[in-house]
Structure formats: C-alpha cells, structure tokens
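Chain letters run A, B, ... following the sequence lines, proteins first and then strands; every chain starts at 1. Just so we're clear, the structure is a prediction, and the values are computed from it rather than from any experiment.
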There are 2 protein chains.
Amino acid sequence: MTTTEAAEQPLSIGEVAERTGLSVHALRFYEREGLLVGPVRRTSGGRRRYTSFDVDWLLICVKLRESGMPLADLKHFAELVRHGPGNEAERLRLLDAHRQRVDAQIQALEECRSVITWKVGVYAEHLARGEAGGLWDPTA
Amino acid sequence: MTTTEAAEQPLSIGEVAERTGLSVHALRFYEREGLLVGPVRRTSGGRRRYTSFDVDWLLICVKLRESGMPLADLKHFAELVRHGPGNEAERLRLLDAHRQRVDAQIQALEECRSVITWKVGVYAEHLARGEAGGLWDPTA
DNA sequence: CTACGATCTGGAGCGAGGTCTAGATCAAGT
DNA sequence: ACTTGATCTAGACCTCGCTCCAGATCGTAG
C-alpha cells in the first residue's frame with residue numbers, strides 16, 4: 001500500500017486496458033492528448049511500459065470522465081500535476097467545482113427518476129385495470 | 001389542469017423553446033427525426049403551432065434525454081404512443097428499463113463523488129499543513 | 001528460424017446530438 | 001407601404017470522444 005519502494009513491475013498497454021476499462025486505442029489517444037501526467041516509459045523496442053503510478057492516475061481519470069468531466073479539464077488537471085507542487089489550491093478548486101457539477105447531476109437524475117417512476121405508475125395502473133380505463137394517450 | 005376542454009392557445013416555436021429549454025433548432029430537429037407523437041399543426045402561413053399536448057410530451061422528452069435516453073429510444077417510445085392503445089406493456093418495459101439505467105447512473109455518480117471528495121480532502125489537508133507535508137505528487 | 005499475436009505510428013472515420021447558414025416568407029407595428 | 005423580427009426549408013457543418021485502418025515492428029513460443 002503505497003510503500004516507499006514498490007516492487008514496480010511495469011504493465012503493457014493491454015494489461016492497463018484490462019485494469020482500467022479503457023481500450024488500448026483510448027490509452028494511446030489519452031497520451032497523445034496530454035492527459036497523462038508524464039510521458040509513458042518505453043521498452044528498447046518502443047512498447048509502452050506503464051507504472052502503477054500511471055495506472056492510479058488513469059483510474060482517477062476514469063472516474064472523472066465517468067462523472068462527465070470533459071477531456072479539456074482533465075488535461076488541465078494533468079498539466080497542473082505535471083508542473084509539480086505549488087498549485088495545489090488550483091487543483092483543489094478544479095476538483096471541487098467538478099464535485100459540485102456531479103452533485104447537480106445527481107440531483108437532476110433523481111428528478112428524472114421520479115418523473116419516470118410516476119409515468120411507469122401511470123402505465124402499471126392502466127394495465128392493472130385491464131386496459132379498460134380511458135387512458136388519455138398523447139402524454140401518457 | 002387537464003380539463004376535458006382546455007382553452008387551447010397554441011404556442012409558437014419560440015415560446016415552446018422557452019418553455020422546454022430546447023432551442024428552436026433542436027425542436028425542428030426533433031420533429032424531423034420523428035420524436036414527436038404527431039405532426040405539429042401549422043398556421044396557414046406554415047408556422048408551427050404547438051398544443052399543450054405537444055409541450056407536455058416535449059417536457060417528458062427533455063427529462064428522458066437529460067437522464068441519458070438515446071434519441072433512438074425516444075423515437076421508439078414516440079412510435080409506440082403514436083400507434084395508439086394496445087402496446088402499453090411495451091411502453092412500460094421501455095420506461096422501466098430506462099429507470100434501471102438511471103438508477104445505475106446515480107450509483108456510479110455517487111461512487112465518483114466519493115472518490116473526488118476523498119481527493120479533495122487530500123488537497124485540503126495538504127494546504128492546511130501549509131504545503132509542508134511531503135505530498136506524493138503523481139497521483140495526488 | 002518461423003509464426004503469431006501484441007504493439008507501434010499517423011491519420012482517417014464514425015456516431016451522437018445537435019447547431020448554423022442561406023435565402024425566402026410571414027406577421028405585426030408605424 | 002415599409003421595416004423588423006420571427007419562422008420557414010434543406011442541407012452543410014461542428015464538437016466530442018473515441019475507434020479503426022494500414023503497414024511496419026516487436027517479442028515470445030515452438
């Protein structure tokens with residue numbers, strides 16, 4: 001668990017793809033777009049070798065993406081981290097702003113959910129009554 | 001409130017845009033794509049006149065879209081409604097399946113939220129300690 | 001040595017969901 | 001009648017976030 005000297009056994013792009021859920025295409029794409037903190041190490045033959053740092057970062061990226069952070073913001077975040085210490089306040093701001101957006105999203109989804117649930121109820125009731133009720137159609 | 005004979009005063013596309021939050025462009029696009037239950041009425045001059053039924057339907061569309069339902073599904077739903085009574089069970093299935101997806105989305109977002117919150121905490125703590133702590137950077 | 005699968009690069013292509021433009025028409029105010 | 005602003009149609013265009021292809025190379029197993 002984050003030992004000072006981890007037994008670093010680097011992973012291939014395919015292994016990282018498995019571990020992160022991103023496709024190998026996406027991994028190369030992310031790298032090209034500058035979404036990674038550092039350049040990925042290579043073997044003498046040019047194959048990518050990811051460290052567990054890379055993987056941890058990618059796992060965070062996945063969560064941020066999954067919650068709707070645009071690639072541009074992710075890139076900005078990566079740049080901040082890349083430029084090292086001194087800008088933690090800005091990183092905090094960035095993340096906190098995103099968290100607020102996530103909260104808003106959750107709220108919105110819950111509202112949608114309740115509308116849908118209501119509508120499901122309308123249909124269920126209608127079906128329970130054996131299609132007999134005069135269900136006003138256009139909106140139902 | 002849904003009186004049998006509502007005093008129908010049709011709305012222009014601009015007014016509907018205001019009321020639904022969709023752009024006039026999107027409204028025309030939705031119509032072309034067959035996402036509306038019926039064809040929109042027109043004035044003699046060819047301008048669209050939306051009824052409150054249209055608006056109600058659009059408001060539901062907005063909620064479904066906001067919660068991530070693809071236009072294709074929305075179109076399918078509209079077709080079911082358009083074909084009148086008799087397929088309520090399928091409509092119910094469609095909506096219920098979507099509700100499940102929304103639930104999954106909410107769960108996923110909450111998980112993201114907690115990851116972000118944890119990360120925000122890492123930065124906040126770091127800053128509170130006056131930048132002095134040995135913050136391991138790559139992932140933080 | 002030979003195969004075969006995984007990876008490499010650069011760049012083209014794609015699907016979703018609109019957005020925007022051009023040029024014409026309509027409708028309301030003065 | 002004239003001006004102004006909203007709408008009309010058809011169709012081109014755009015952003016986002018990958019995905020896929022071609023053609024070459026690497027590296028491991030037999």
Side-chain angles (χ1 to χ4, degrees), chain A residues 9-36 39-51 54-55 57-78 98 101 105 108 112, chain B residues 9-36 39-51 54-55 57-78 98 101 105 108 112:
Chain A
Q9 48 174 357
L11 301 172
S12 74
I13 195 170
E15 289 165 328
V16 173
E18 262 179 39
R19 261 152 248 237
T20 58
L22 295 165
S23 71
V24 296
H25 300 293
L27 284 169
R28 291 195 276 247
F29 171 71
Y30 277 25
E31 188 178 344
R32 252 186 285 167
E33 294 295 296
L35 268 45
L36 274 59
V40 179
R41 300 267 181 80
R42 304 298 184 111
T43 65
S44 53
R47 269 81 209 279
R48 290 172 179 82
R49 294 282 120 191
Y50 293 85
T51 66
D54 295 325
V55 175
W57 172 255
L58 282 166
L59 288 170
I60 288 166
C61 287
V62 165
K63 284 299 175 196
L64 292 174
R65 284 289 306 123
E66 215 177 306
S67 51
M69 181 182 282
L71 293 187
D73 290 16
L74 209 38
K75 180 174 182 174
H76 183 192
F77 189 27
H98 182 62
R101 270 174 267 132
Q105 253 186 99
C112 294
Chain B
Q9 47 175 355
L11 303 171
S12 72
I13 196 169
E15 289 165 328
V16 173
E18 262 179 40
R19 261 153 249 235
T20 59
L22 295 165
S23 70
V24 297
H25 300 293
L27 284 169
R28 291 195 276 248
F29 170 70
Y30 277 24
E31 188 178 347
R32 254 186 287 169
E33 295 294 295
L35 269 45
L36 273 59
V40 179
R41 302 267 183 78
R42 305 295 184 113
T43 65
S44 53
R47 270 80 210 282
R48 292 171 177 82
R49 291 285 119 189
Y50 293 85
T51 66
D54 295 324
V55 175
W57 173 254
L58 282 166
L59 288 170
I60 287 167
C61 288
V62 165
K63 283 301 175 195
L64 292 174
R65 283 290 305 125
E66 215 177 307
S67 50
M69 181 181 282
L71 292 188
D73 291 16
L74 209 39
K75 181 174 183 175
H76 183 192
F77 189 28
H98 182 60
R101 269 174 269 132
Q105 253 186 99
C112 296

Tell me every residue that passes side chain to side chain donor-acceptor pair (under 3.5 Å) with A:Arg101, counting only those two or more places apart in sequence or in another chain.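 Only A:His98 meet the side chain to side chain donor-acceptor pair (under 3.5 Å) criterion with A:Arg101.
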Nearest to the side chain of A:Pro70, which nucleotide is it out of D:dT9, D:dG17, C:dT9?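 It is D:dG17.
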Can you figure out which of C:dT7, D:dT9, C:dG17 approaches the side chain of B:Arg48 most closely?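 Closest of the options to the side chain of B:Arg48: D:dT9.
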Measure the shortest side-chain to side-chain distance between [X] and [Y] over non-hydrogen atoms and say whether it is less than 4.5 angstrom.
X       : Y       : result
A:Leu35 : A:Phe77 : no
B:Leu74 : B:Arg65 : yes
A:Asp73 : A:Pro70 : yes

Every protein N/O within reach of nucleotides 1-3 of chain D N/O, cut-off under 3.5 Å:
none

Integer-rounded Å distance: [N] [atom2] and [X] [atom1]:
X       : N      : atom1 : atom2 : answer
B:Glu31 : D:dT7  : CD    : P     : 14 Å
B:Asp73 : C:dA16 : CG    : C1'   : 13 Å
A:Leu27 : C:dA6  : CG    : P     : 16 Å
A:Leu22 : D:dC18 : CG    : C1'   : 11 Å
B:Leu35 : C:dG17 : CG    : P     : 10 Å
B:Glu66 : C:dG17 : CD    : P     : 14 Å
B:Ile13 : D:dT9  : CD1   : C1'   : 12 Å
A:Glu15 : C:dT7  : CD    : C1'   : 13 Å

Which residues share a salt bridge (charged side-chain N to carboxylate O under 4.0 Å, His left out) with A:Glu66, sequence neighbours left out: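 Only A:Lys63 meet the salt bridge (charged side-chain N to carboxylate O under 4.0 Å, His left out) criterion with A:Glu66.
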Per-nt protein contacts along nucleotides 19-30 of chain C (heavy atom under 4.0 Å; B base, S backbone sugar-phosphate only, - none) come out as BBB---BBS---
D:dC18 phosphate, OP1 or OP2, under 4.0 Å from A:Arg65 side-chain N/O: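 Result: yes.
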Does OP1 or OP2 of C:dG18 have a side-chain N or O of B:Tyr30 closer than 4.0 Å?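 Result: yes.
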Review item, side-chain donor-acceptor pairs of residues 13-28 of chain B, under 3.5 Å, at least two apart:
from, atom 1, to, atom 2, distance (Å)
B:Glu15, OE1, B:Ser12, N, 2.8
B:Glu15, OE1, B:Ser12, OG, 3.3
B:Arg19, NE, B:Glu15, O, 3.4
B:Thr20, OG1, B:Val16, O, 2.8
B:Thr20, OG1, B:Leu22, N, 3.2
B:Ser23, OG, B:His25, N, 3.4
B:Ser23, OG, B:Ala26, N, 2.9

Is it true that A:Tyr30 and A:Trp57 have ring centroids separated by less than 6.0 Å?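 They do not qualify: ring centres at least 6.0 Å apart.
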Set of residues satisfying side-chain contact (heavy atoms from CB on, under 4.5 Å) with respect to A:Arg42, sequence neighbours excluded: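 A:Arg42: side-chain contact (heavy atoms from CB on, under 4.5 Å) contacts with A:Glu31, A:Arg48.
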For A:Ser67, is there any backbone N or O sitting under 3.5 Å from a side-chain donor or acceptor partner on A:Gln105?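 Confirmed, A:Gln105 side chain pairs with A:Ser67 backbone.
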